[in-house]
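What follows is a set of notes on a single structure, which appears directly below.
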Amino acid sequence: MRARSGGQVVVDQLRANGVDAAFCVPGESFLAVLDALHGGPTRLIACRHEAAAANMAVAYGKLTRRPGVCLVTRGPGATQASVGVHTAAQDSAPLLLLVGQVSRDVRGREAFQELDVPAVFGPMAKWAAEADDPDRLPELLARAVQVAVSGRPGPVVLALPEDVLAATTRTGDARPVRPVAPGAAPADLARLRELLGGARRPLVVAGGPGWSEAVAADLKAVAEASRLPVAVSFRSQDVLDNRSPSYVGDLGVSANPALAERVRAADLLVAVGPRLGAITTGGYRLLEAPVPRQRLVQVHPGLAELGRLYQPDLAVNAAVGPFLAAWRSVPPVQGDAWAAWTEAARDNYLAWVRPWPSPGPTHRGSPSGVPGPGRLDLGQAMAALRARLPDDAIVASGAGNYTAWVHRFFQFRRHGTQLAPKSGAMGFVLPAALAAKVVHPRRTVVAVAGDGDFLMTGQELATAVQHRLDVVVLVVNNGMYGTIRMHQERAYPGRVTATDLRNPDFAALAQAYGAAGETVAEAEAFPAALERALEAGRPALLDLHVDPEAIAPGLELSALRRR
Ligand SMILES: Cc1ncc(C[n+]2csc(CCOP(=O)(O)OP(=O)(O)O)c2C)c(N)n1
Ligand SMILES: [Mg+2]
């Protein structure tokens with residue numbers, strides 16, 4: 001075996017597993033890894049903050065189903081990257097956070113920036129460990145990748161001591177990892193068909209990890225063949241073409257009440273992939289625990305999710321891919337018994353997503369007492385965005401009330417086009433959009449961010465410009481942390497505390513970074529401004545001045561005060 005540094009061994013194992021890009025903030029603790037990446041071919045994107053690097057790696061993992069790799073230094077780097085570990089866990093995304101660690105000879109002394117990585121990340125990650133031996137790096141990396149991509153995917157954190165990385169070893173490589181995706185047994189499919197045969201009001205709820213365009217095509221085929229209505233879980237809106245007659249909407253944070261009612265009224269729920277978590281179940285109120293009134297089929301790749309809260313009539317420990325392929329291979333159950341139920345659910349959805357003017361004085365002419373910076377109607381803007389973007393364009397969003405307009409008024413048509421943290425973490429959107437551009441350089445990538453959300457990782461505009469990642473950023477500028485303001489006005493009317501924002505001139509800020517920047521304050525000006533941003537030939541930002549009265553679709557801020 002040829003002599004290599006430990007750092008080279010790490011990089012070789014990543015490459016063998018298909019990792020063609022990694023995200024970092026450099027540190028002196030992992031120089032040997034950086035050197036092994038010198039000159040490619042793995043693309044290395046150096047960021048301005050570890051939270052952004054970690055979020056980029058999460059997005060890479062979500063888009064490729066290969067491990068997203070983030071390289072950071074010990075204490076300060078790893079702790080700043082920790083939000084990515086939490087998001088990867090909640091989003092079931094394969095993530096490898098590689099942490100440069102102090103040398104083995106000083107370990108345990110609270111050496112400079114030392115962090116007990118397994119202790120800190122153990123409870124948050126799927127697995128956290130520390131390397132001890134350069135010869136065993138292939139074993140460690142192979143296990144890390146195996147854990148990250150298999151079953152329910154998730155984050156793995158590895159501490160790599162500086163001297164382990166710098167050491168020379170003649171160890172051989174591990175083989176590339178084959179992800180383990182459990183499948184369904186024929187008896188599971190037989191039972192599913194039996195349950196469907198007895199159902200009158202079935203509802204599929206699709207989401208979770210493991211989707212691809214092929215898997216999404218299988219879902220479309222089985223759903224349409226049996227005329228089944230399909231709801232999707234929070235931020236899994238791209239697992240079924242929203243134009244399909246089977247698509248009936250998303251069970252997100254502000255789900256269509258008519259859809260929520262259908263979850264309650266269903267006599268059979270078939271959950272294909274999602275966790276039956278707080279958001280998907282309307283705060284655990286749409287199903288009774290632990291014995292739901294609806295019959296329940298639960299399909300999930302993670303054993304720990306099956307029967308975690310709700311006791312299913314049929315639990316299938318399977319990834320969505322093998323499960324849907326198996327479902328597609330059996331004869332469809334005739335859907336005549338529920339055809340009207342499905343059509344009505346589809347009509348509910350179509351009515352829900354029809355854009356109508358946002359509330360607020362500038363749209364309705366009512367006095368509110370809240371000065372509005374602009375009149376841009378986000379519902380109209382989302383409709384314009386949908387009309388303009390190609391089907392494969394990727395739309396990233398983060399956390400904030402503005403996302404409700406994305407969820408509701410932008411229709412997703414192909415799998416892999418919705419990029420948003422199921423963990424509801426702010427600061428995800430711009431890094432995620434940049435990662436999307438790394439993975440799909442020729443696709444259009446649009447980041448829709450709140451004014452609060454954007455500035456958590458807005459410094460990555462520098463990364464966008466430096467690495468020529470030409471994304472379009474739409475900053476929804478309402479001058480506040482809107483979500484929190486909404487809750488605040490409900491709980492403590494009129495007492496605005498820590499939720500108003502005095503923002504920079506975002507267009508000028510973008511220009512200072514070398515990106516294109518424009519302010520848009522009128523709905524009518526949006527399509528042309530969008531066009532210029534898409535054609536800018538560099539990253540571009542549009543600062544959308546919306547009316548702060550439009551706190552949520554159909555909800556006025558001052559109405560909350562008046563209640
Ligand atoms: C990292 C993080 N910190 C805090 C929160 C709590 N939080 C949720 S939404 C929100 C406000 C978002 O504001 P903005 O991005 O301006 O969107 P808006 O609600 O105004 O549309 C906050 C502070 C969070 N979700 N994530
Ligand atoms: Mg805001």
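First listed ligand is number 1; within each ligand, the first listed atom is number 1.
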What residue and heavy atom of the protein are closest to [atom], and at what distance?
atom: atom 15 (O) of ligand 1; result: D453 N, 2.7 Å
atom: atom 16 (O) of ligand 1; result: D451 OD1, 2.5 Å
atom: atom 25 (N) of ligand 1; result: G424 O, 2.9 Å
atom: atom 21 (O) of ligand 1; result: Y402 N, 2.9 Å

Just checking [X]: does its [atom1] atom have more than 12 heavy atoms from other residues, nucleotides or ligands closer to it than 6.0 angstrom?
X: H467; atom1: NE2; answer: yes
X: R264; atom1: CZ; answer: yes
X: Q511; atom1: CD; answer: yes
X: R468; atom1: CZ; answer: no

Review point. Touching ligand 1 at all, I484? Heavy atoms, strictly under 4.0 Å?
Key: yes

Quiz item: Contact between A399 and ligand 1, counting heavy atoms under 4.0 Å?
Solution: yes

With rounding to 10 degrees, M480 O, the Mg ion (ligand 2) and N478 OD1 define an angle of 90°

For ligand 1, which is the ligand I care about here, please tell me if [X] has any N or O atom under 3.5 Å from one of the ligand's N or O atoms.
X: G452; value: yes
X: N478; value: yes
X: L501; value: no
X: M456; value: no
X: G482; value: yes

Closest to atom 26 (N) of ligand 1 by heavy-atom distance, out of M426, M480, R485, is M426

query: Would E130 and R74 pass as an ion pair if we require N to O under 4.0 Å?
result: no

Legend entry - N-O pairing of R48 and E460 below 4.0 Å: no

Checking distances from the Mg ion (ligand 2), one finds that the N, O or S atom of D451 closest to it is OD1

Next item on the list: Please examine the side chains of P76 and Q113, heavy atoms only from C-beta on, and report whether any two atoms are closer than 4.5 Å.
Entry: yes

Taken to the nearest 0.5 Å, the spacing of F23 CZ from L434 CG works out to 9.0 Å

Show your reasoning for whether side-chain contact (heavy atoms from CB on, under 4.5 Å) applies to V395 and Q418. CA-CA 5 Å; V395 176; Q418 184 179 36; over 6 Å; no

